[in-house]
Amino acid sequence: MKKTLTSIAIGIIALVVLNIASNYIYTRIDVTEDSRYTLSSAALQTVQNFTNPVIIDVLLEGQLPGEFVKLQSETKQILEEFKAENSNIKFNFINPLETTGSSENAIAEMQKLGLTPANVTVEENGKVSQEFVFPWAIVNYNNKTVKVALLKNKLGATTEERVTNSIQHLEYSFADAFSKLNIKDKKRIAVIKGNGELQDIYLADYLSTIKEYYNIGAFTLDSVASNPEKTLTQLKEYDLALIAKPTEPFTDKEKYVLDQYIVNGGKSMWLIDNVSMELDSLFNNEGKSLAFPRDLNLKDFFFKYGIRINPALVKDIYATQIVLAQGDGNNSQYNPVPWPFNPMVFSRNDHPINNNLEALRLQFANSIDVLNNNEYNKHILYYSSPLSTVVGTPNIISLDLVNKAPNKEEYNNGNKPLAVLVEGKFKSVYNNRVKPFALKNNKEVGTNNKMLVIADGDVIKNQISKGKPLQLGYDKWTNNAYGNKDFMVNSINYLLDDSGLINIRTKKVAIPFLDKEKIVAQKTKWQLINIALPVVLTLLFGLIFNYYRKHKYGK
């Protein structure tokens, strides 16, 4: 008896000590095959500087479709991991319908905040219904607020595929939001002007998005003609130069300023159209227009880095749509039709910039030749499809093309590079060449640097409705959304990111879902196993137990 009481007392004391110790010692073990709950050091770094509560409202609560229950669960697990790193992380799951009273009010109020609901088709017991889900999180810290989109769209993907894709992005999405709240000294981006680049209203959505990360300023090269050295000194104050669809040639002095800026460590993003052609120019009585080469005087500039942008248009069977009017007068109908000069290009998911992105929409894109040049590492981020070809210029482009079925035999010159990332120790384009002007601190060889070249100036261009810019990647004519915005944001983050946060995007997770066809086919079977079998086993156990008692004690 004494030993029993001693053992009980020791057990109680050990339990008390264990509970006290658990308040001071905290550990979690990730036993998942893909280590989905093990946060990267870059992600953990984003929450270490929070000294006040970070309040996260996740709008995933209430009656949710099965796939979104999985997204809800995975979101909670990721936030638990961030909370384990910094106890100031606080999160709540909220049902927007409870606070607004109806789905109509919820949609209206959420859209005012820029939180677009997802319309999900739910099939249950042979009945199909439409449900609205708000896959968003709102992160608040001090006086700052950041919205986090939890659902990533993907053209042609099922809801399960979209949710899986979204779960892969969770760590990056929240780490990115936390980093925005922590930014104090923003890097600077120069939007180059003076050579017929895109107007600000066509860059508005993109620039308003990246201003959360960076300070942005317009920078004109006009002063190069009178004082090139001063212009270069001022340009060096920026960390990246964005050159978006120039239409006028660069002078040799302007090129030399940009060259020295790059050699001295400045990052650059070039969005180049080497062919003069716009869709609006086809909307005339003849429905056709001449596409001709555009000389920007940059051929030698890019050639130094092993790139040649061809004055030719990519024509692709995998194309996005344009809307054309068919019929006359009141009988006119506006129908979307595939337009082969607007390639729809898909990511190969082989780089942090393009990993898990929606298809891009390009417009009158050019092909790029990637030359053999071992001095630089060149990574092709996007190609045209295998069923594509190139059309040389000058050439007549006609809208009649939409009335002809594509002949696959003509589209036999595909997989053309469209976007190339160049990395390495950059050398001056004017190395061993006559310089356009004398420079006191001329530099021939620089440090490691990065440059992105895209053979389409419209990839960054947002549409306009009623004088206001629309979201980049959204086409108001077909109501389709493409991945242009994410691609451009990822690109600039990669070029300027020194913390490695962008590399979180390469993380892969495998999310198992139930097979819906098997659920329908085997529903009755598993209902019997889960409901009837336990009852039968209980009764059988009772009969055996009663028989055993009678047999043992009946004597």
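Counting begins at 1 with the first residue of the sequence.
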Applying salt bridge (charged side-chain N to carboxylate O under 4.0 Å, His left out) to Asp369 and not counting sequence neighbours gives Arg308
For Gln463, the side-chain hydrogen bond (donor to acceptor under 3.5 Å, both in side chains) test, sequence neighbours excluded, returns Asp475
Those residues at least two apart in sequence (or on a different chain) that pass salt bridge (charged side-chain N to carboxylate O under 4.0 Å, His left out) with Lys476 are none
Those residues at least two apart in sequence (or on a different chain) that pass ring pair (Phe, Tyr, Trp, His ring centres under 6.0 Å) with Tyr141 are Phe50
Taken in chain and number order and not counting sequence neighbours, the residues that satisfy side-chain hydrogen bond (donor to acceptor under 3.5 Å, both in side chains) with Ser268 are Trp270
For Asn480 and Tyr474, does a side-chain donor sit closer than 3.5 Å to a side-chain acceptor?
no
Sorted by chain and residue number, the salt bridge (charged side-chain N to carboxylate O under 4.0 Å, His left out) partners of Asp200 (sequence neighbours excluded) come out as Lys193
From the list Arg433, Lys425, Lys427, Lys435, salt bridge (charged side-chain N to carboxylate O under 4.0 Å, His left out) partner of Glu444 resolves to Lys435
- Task: Would you please classify the geometry between the Tyr376 ring and the Tyr305 ring as parallel, tilted or perpendicular, with 30° and 60° separating the classes?
- Result: tilted
Show me, pair by pair, the donor-acceptor contacts under 3.5 angstrom made by side chains of residues 253-260, not counting sequence neighbours?
| from | atom 1 | to | atom 2 | distance (Å) |
| --- | --- | --- | --- | --- |
| Glu254 | OE1 | Asn195 | ND2 | 3.2 |
| Glu254 | OE1 | Thr251 | N | 3.0 |
| Lys255 | NZ | Asn297 | O | 2.9 |
| Lys255 | NZ | Asp300 | OD1 | 2.8 |
| Lys255 | NZ | Asp300 | OD2 | 3.2 |
| Tyr256 | OH | Asn442 | OD1 | 2.6 |
| Asp259 | OD1 | Val429 | N | 2.7 |
| Asp259 | OD2 | Ser428 | OG | 2.7 |
| Gln260 | OE1 | Lys443 | N | 2.9 |
| Gln260 | NE2 | Asn442 | OD1 | 3.4 |
| Gln260 | NE2 | Lys443 | O | 3.0 |

Those residues at least two apart in sequence (or on a different chain) that pass side-chain hydrogen bond (donor to acceptor under 3.5 Å, both in side chains) with Ser491 are none
Across all chains, not counting sequence neighbours, the ring pair (Phe, Tyr, Trp, His ring centres under 6.0 Å) partners of Tyr238 are Phe219
Acceptor/donor pairs from residues 243-250 side chains to any protein atom, 3.5 angstrom cut, sequence neighbours excluded:
| from | atom 1 | to | atom 2 | distance (Å) |
| --- | --- | --- | --- | --- |
| Lys245 | NZ | Glu278 | OE1 | 3.4 |
| Lys245 | NZ | Glu278 | OE2 | 2.7 |
| Lys245 | NZ | Asp458 | OD1 | 2.9 |
| Lys245 | NZ | Asp458 | OD2 | 3.4 |
| Thr247 | OG1 | Gly196 | O | 3.0 |

* Can you tell if the side chain of Leu150 reaches within under 4.5 Å of the side chain of Leu170, non-hydrogen atoms only? -> yes
Applying ring pair (Phe, Tyr, Trp, His ring centres under 6.0 Å) to Phe487 and not counting sequence neighbours gives Tyr382
Contacts of Ser281 meeting side-chain hydrogen bond (donor to acceptor under 3.5 Å, both in side chains) (sequence neighbours excluded), chain-then-number -> none
